[in-house]
Amino acid sequence: SKIDQTREDLSLAKLAWHTGLGKLAQQRAEAITGRGPAMDDDDYRARLTDFGLEALEQHQVTGGSFASLVELELWQQLDGKAKLGIGVSQVDEDQGGGLVLVILVGR
């Protein structure tokens, strides 16, 4: 909601949040941090074909706080026509802590 509010404040188009991409991004983030099952690239690509997208970008960002992830310039650069999914997972303290954000942008 903070991302949507920032875009609205800047008179930018709303983003099209995609439930399937969101679930996949969350699974990917959890796999990266070891909080969920591993996901190999073949499984990942197979899941993406189910969404009927012509193109997909994946962004992976690490940050120390949720606020730092919400303030990314990327949110302002995204086309309102893109389908979007995000996933966030905590990195264990013994591995440096912080958060991993996976952003999937489909067209």
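Computed over heavy atoms, backbone and side chain alike; hydrogens, waters and symmetry mates excluded. Predicted model, so just to flag it, every value in this text is computed and none were measured.
Here Gln95 contributes atom CD and Glu93 contributes atom CD; the two are 10.5 Å apart, rounded to the nearest 0.5 Å. Leu21 CG to Leu56 CG: the interatomic distance, rounded to the nearest 0.5 Å, is 6.5 Å. Of the inter-residue distances, the one linking Ile32 atom CD1 with Thr62 atom OG1 reads 10.5 Å to the nearest 0.5 angstrom. For the atom pair CD (Glu8) and CG (Leu15), the distance works out to 12.0 Å, reported to the nearest 0.5 Å. Rounding to the nearest 0.5 angstrom, the gap separating the CG atom in Leu104 from the CD atom in Glu57 is 10.0 Å. Note: Ile103 CD1 to Leu78 CG = 7.5 Å, rounded to the nearest 0.5 Å.
Here the closest heavy-atom approach between residue Asp79 and residue Arg7 is recorded as C-NH2, 4.5 Å. In this structure, Ala38 and Ala31 approach most closely via the heavy-atom pair CA-CB, 4.2 Å. When all heavy atoms are compared, the tightest approach of Ala82 to Ala16 is O-CB, 3.4 Å. Nearest heavy-atom pair across Leu53 and Gly106 is CD1-CA, 3.9 Å. Summarising the geometry of Ser68 relative to Ser65, their closest heavy-atom pair is OG-O, 2.7 Å, with the distance given to 0.1 Å. Nearest heavy atoms, Ala13 versus Gly80: CB-CA, 4.0 Å.
Each ring-ring contact (aromatic ring centres under 6.0 Å, His included) pair with one or both residues in residues 70-91, not counting sequence neighbours, would appear here, but there are none.
Scanning for ring-ring contact (aromatic ring centres under 6.0 Å, His included) contacts around Phe51 gives His18, with sequence neighbours left out.
Panel note: side chain Gln60, backbone Val100; no donor-acceptor pair is recorded below 3.5 Å. For the pair Asp40 (side chain) and Asp42 (backbone), a donor-acceptor distance under 3.5 Å is present.
Tracing side-chain contacts under 4.5 Å through hydrophobic residues (I, L, V, M, F, W, Y), one reaches Ile3 starting from Leu72; they form part of the same cluster. A single hydrophobic cluster is seen to contain both Leu74 and Val88, as judged by linkage of ILVMFWY side chains at heavy-atom distances under 4.5 Å, directly or through other members. Transitive grouping of hydrophobic side chains (ILVMFWY, heavy atoms separated by less than 4.5 Å) brings Leu84 and Val70 into a common cluster. Under the 4.5 Å side-chain heavy-atom criterion for ILVMFWY residues, no single connected hydrophobic cluster contains both Val102 and Trp17.
A 4.5 Å side-chain heavy-atom check between Arg35 and Gln90 finds at least one atom pair inside the cut-off. In this structure, Val91 and Leu99 have side chains that are not in contact, with every pair of non-hydrogen atoms separated by 4.5 Å or more.
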Could you check Met39 against Gln27 for side chain to side chain contact (heavy atoms under 4.5 Å, CB included), going step by step and ending with a plain yes or no?
-> CA-CA 8 Å; Met39 179 183 294; Gln27 290 171 340; 3.5 Å; yes
Would you please test Asp41 and Arg28 for salt bridge (charged side-chain N to carboxylate O under 4.0 Å, His left out) and show each step?
-> CA-CA 10 Å; Asp41 288 339; Arg28 190 75 162 175; 3.3 Å; yes
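Ion pairing between a basic and an acidic side chain is recognised when a charged N comes within 4.0 Å of a carboxylate O; Glu71 and Lys2 show no such pairing.
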